[in-house]
Amino acid sequence: MRSGSIIVAAVLLLLAALLALAPATLVDGRLASATDGRLRMAAATGTIWSGTGALTDAANTWQLPLAWTVAPAALARGTLDVTLAPVRNATQPQGTITIGSAGMSLANLRATAPAQALAAWLPMRDAPALGGEIGIDAAAFAWSGAAGQ
């Protein structure tokens, strides 16, 4: 009976270690799945909890360097709370993204992205060639996913 408890404890510790050390490369598969393959995470390093990488489209025609941390305590409440921090300079993405059952919210989000990034979201088969950059500066934004909101 005692050896059974030790085995269960060892398995639980192993699972906790695997979860704590899960590589940031796992973000790519989840991102691709959530965006129907439109967006990918290239050159991911670190862990899923604290990592860096480059957000890109499926063809890797543009890249947006990212650094993130995930709040584990928020996951216990059923919310994904991701904080973005600049990788190299202040023009790179920073702010907080929260995704939960009520939808998605952004707080203090600042980013400058290549205009080509919009092509990944355009419904056209042959999207126009876009040049330049798009700046985003949102103190607060919330989206429930419901029509018209």
Side-chain angles (χ1 to χ4, degrees), residues 6-125 127 129-146 149:
I6 292 172
I7 291 172
V8 168
V11 168
L12 289 175
L13 285 173
L14 179 61
L15 289 174
L18 289 174
L19 183 61
L21 300 173
T25 54
L26 295 176
V27 173
D28 178 51
R30 182 65 189 121
L31 181 62
S33 174
T35 63
D36 294 326
R38 292 182 195 135
L39 296 177
R40 303 300 302 256
M41 182 63 64
T45 61
T47 68
I48 59 171
W49 307 105
S50 179
T52 62
L55 184 65
T56 186
D57 64 343
N60 201 20
T61 57
W62 55 269
Q63 288 193 349
L64 182 62
L66 294 176
W68 69 86
T69 56
V70 174
L75 288 176
R77 296 187 306 270
T79 303
L80 176 62
D81 194 359
V82 180
T83 301
L84 301 175
V87 177
R88 293 184 198 100
N89 60 54
T91 63
Q92 292 174 331
Q94 54 189 316
T96 304
I97 302 168
T98 303
I99 302 170
S101 60
M104 178 180 78
S105 66
L106 308 174
N108 301 317
L109 183 68
R110 286 197 172 105
T112 301
Q116 291 174 313
L118 284 179
W121 298 104
L122 293 175
M124 298 175 252
R125 174 168 241 168
L130 301 173
E133 294 181 328
I134 296 171
I136 301 167
D137 189 352
F141 175 82
W143 180 59
S144 69
Q149 296 185 10

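Considering N108, D81, V82, L84 as possible partners of T96, the one that fulfils the side-chain contact (heavy atoms from CB on, under 4.5 Å) test is D81.
Residue D57 holds its CG atom at 11.5 Å from CG of L64, rounded to the nearest 0.5 Å. For the atom pair CD (Q94) and OG1 (T83), the distance works out to 11.5 Å, reported to the nearest 0.5 Å. Interatomic distance, I48 CD1 to T69 OG1, rounded to the nearest 0.5 Å: 12.5 Å.
Side chains of T79 and T98 form a contact here, defined as non-hydrogen atoms less than 4.5 Å apart.
In this structure, M41 and L55 approach most closely via the heavy-atom pair SD-N, 4.0 Å. Pairing each heavy atom of P65 with each of P93, the nearest pair is O-CD, 3.5 Å. The two residues R40 and A58 have their closest heavy-atom pair at CG-CA, 4.1 Å. Across W68 and G53, no two heavy atoms sit closer than the pair CZ3-N, 3.7 Å. Across all their heavy atoms, L106 and L109 have their closest contact at CD1-CD2, 3.7 Å. Nearest heavy atoms, T52 versus A67: CG2-CB, 3.8 Å.
With T56 contributing its side chain and W62 its backbone, the two residues share a donor-acceptor pair below 3.5 Å.
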TODO: List the steps and the verdict of side chain to side chain contact (heavy atoms under 4.5 Å, CB included) for L75 and L80.
DONE: CA-CA 6 Å; L75 288 176; L80 176 62; 4.1 Å; yes
